[in-house]
Amino acid sequence: MPADAREPQCSQGPLLVLGIEASCDETAAAVVRRDGAGRGEILSNVVRTQLDEHRPYGGVVPEIAARAHVECLDFIVRGALDEAGVSLKDLSGIAATAGPGLNGGLVAGLVSGKALALASGKPFLAINHLEAHALTAGLTDGLAPPYLILLVSGGHTQTLLVQGVGRYRRLGTTIDDAIGEAFDKTAKLLGLGYPGGPEVERAAQRGDANRFPLPRPMIGRAEPHFSLAGLKTAVRQRAEAAAPLTDQDVADLCAAFEAAVTDIVIDRVSRAMEMAEDAFGPDRPRWLAVAGGVAANKAIAAGLSGLAKARGYRLAVPPAALCTDNGAMIAWAGAERLALGLVDGLDFAARPRWPLDPEAPAAIGAGVKA
Ligand code: KG4
Ligand code: ZN
């Protein structure tokens with residue numbers, strides 16, 4: 001079957017799907033059940049994070065990531081099947097992340113998934129990692145499209161309109177750093193640990209957000225994109241001017257950075273809401289879902305909650321373990337696609353760059369992460 005072959009047949013019966021994720025620094029596998037009415041249930045969800053391997057370098061090292069995935073993938077898959085109490089023959093399909101992400105890990109996860117599909121004769125599903133994040137609210141909150149999603153992780157910062165499985169309209173994206181990346185770089189610059197988000201949040205709790213004025217790039221702009229690089233540079237300049245930094249200086253800089261990011265997120269999501277409402281009128285989305293590690297940030301979450309309330313949206317924030325990278329979201333995206341007959345061939349190649357909405361107009365910027 002060619003790489004993008006689709007079998008247009010629908011399944012109304014229950015489906016049991018194994019999902020494999022190895023696109024970044026988590027090796028994960030899970031088994032999810034989707035009933036005939038489209039409700040999901042997680043039977044197992046096994047995640048091994050590589051944080052300890054990457055911590056000495058202050059960021060993910062692709063080669064170390066790929067090797068670590070290869071070493072433990074088989075055991076993680078075994079664990080997911082055992083914990084769910086199922087074997088390969090019970091599965092309806094096998095899903096693996098095919099992109100976007102780091103090539104070495106993608107290849108490792110894909111090869112595992114394809115080998116299992118080949119050995120068991122089950123359908124194979126090549127999953128877009130961003131689609132899996134975008135569909136998670138269907139698994140956790142039973143959300144049906146259309147809805148808006150804010151995806152905020154170490155690698156991605158996007159607002160997307162989810163119109164259906166396989167149908168996405170990208171509204172905003174970052175023209176430089178992802179928000180999680182900006183948290184990580186700010187933490188590194190201030191001498192805090194990795195990953196930076198939780199460290200910056202902790203320090204910010206003791207800080208005065210008003211002591212160091214920081215810019216809020218893109219706020220008020222008609223295009224819905226994000227930009228974080230200028231904010232990060234401003235933190236560096238303030239830090240250099242105040243050096244040597246006391247603990248209180250670091251806390252104040254963290255508080256100022258977190259407040260600026262929160263304002264940016266609220267403004268950018270608000271703009272995405274306007275665009276979705278203009279485009280869809282009375283059929284406008286009434287739900288805002290959030291995914292990605294940054295969703296764990298309490299100031300940002302509180303800001304989003306206020307925004308949703310003010311604009312008549314309901315907010316779906318999946319539990320942290322399902323906001324960050326995991327196998328259950330891959331299995332669920334696989335089940336949703338399998339239900340529509342959207343299976344893939346065993347020749348499906350890894351796609352380190354794989355935008356969810358290929359039609360989205362390019363955002364002009366230094367290092368756009370589609
Ligand atoms: O979704 P995720 O676990 O992994 C991927 O990037 O795929 O997101 C990790 C990112 C890191 O950049 C981390 O610093 C950030 O999410 N993060 C946070 C918080 N917890 C994790 N950022 C801000 N506040 C947090 N509490
Ligand atoms: Zn992710």
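Each residue takes its place number in the sequence, starting with 1. Predicted, not measured: the structure shown is a model, and the values here were computed from it. In each ligand, atom 1 is the first atom listed, and ligand 1 is the first ligand listed.
Both the backbone and the side chain of P198 come within 4.0 Å of ligand 1, judged by heavy-atom distances. Looking at D184 against ligand 1, only its side chain comes within 4.0 Å, counting heavy atoms.
Under the 4.5 Å side-chain heavy-atom criterion for grouping Ile, Leu, Val, Met, Phe, Trp and Tyr, W332 is connected to L356 within one hydrophobic cluster.
Considering backbone and side-chain N/O of G197, one or more are found under 3.5 Å from N/O of ligand 1. Geometrically, ligand 1 and T324 share no nitrogen or oxygen pair separated by less than 3.5 Å. Inclusion of D325 in the set of residues having an N or O under 3.5 Å from an N or O of ligand 1 is warranted. Among the atoms of G154, some N or O lies under 3.5 angstrom from an N or O of ligand 1.
Here the side chains of L231 and I264 are in contact, with some heavy-atom distance below 4.5 Å. For the pair L307 and V265, the minimum side-chain heavy-atom distance is 4.5 Å or more.
Near G292, the atoms of ligand 1 lying under 4.0 angstrom from a non-hydrogen atom of the residue are 1 (O). Less than 4.0 angstrom separates some heavy atom of E201 from each of these atoms of ligand 1: 25 (C), 26 (N). Within ligand 1, the atoms closer than 4.0 Å to a non-hydrogen atom of G196 are 14 (O), numbered from 1 in the order shown. Which parts of ligand 1 touch G155 is read off a 4.0 Å heavy-atom cut-off, strictly below it: atoms 6 (O). For ligand 1, the atoms sitting less than 4.0 Å from at least one non-hydrogen atom of F183 are 22 (N), 23 (C), numbered in the order shown with element in parentheses.
For atom 24 (N) of ligand 1, the closest non-hydrogen atom of the protein is N297 ND2, 3.1 Å. In terms of protein heavy-atom proximity, atom 2 (P) of ligand 1 is closest to G293 N, 3.6 Å. When only non-hydrogen protein atoms are considered, atom 15 (C) of ligand 1 lies nearest to V294 CG2, 3.9 Å.
Residues D249 and R238 are not paired through a salt bridge, judged by the lack of any N-O separation under 4.0 Å between the basic side chain and the carboxylate. Taking 4.0 Å as the cut-off between side-chain N and carboxylate O, E53 and R67 do not count as a salt-bridged pair.
Between the side chains of S270 and D267, no donor N or O sits under 3.5 Å from an acceptor N or O. Side-chain N/O atoms of R268 and T159 include no donor and acceptor closer than 3.5 Å.
Within the protein, the number of N, O or S atoms lying under 2.8 Å from the Zn ion (ligand 2) is 3.
Distance OG1/T173 to CG/D357: 10.5 Å, rounded to 0.5 Å.
T136 places no side-chain N or O within donor-acceptor distance of the main-chain N or O of M329, the cut-off being under 3.5 Å. Formation of a donor-acceptor pair under 3.5 Å by the S92 side chain with backbone atoms of L16 is found in this model. With hydrogens and angles disregarded, no donor-acceptor distance shorter than 3.5 Å links the side chain of E41 to the backbone of L43.
Note on ring orientation: taking the six-membered ring where Trp is involved, the planes of F183 and F257 are perpendicular (angle over 60°, cut-offs 30° and 60°).
When the options R284, R286, R271 are evaluated for a salt bridge (Lys or Arg N to Asp or Glu O under 4.0 Å) with E277, the one that passes is R284.
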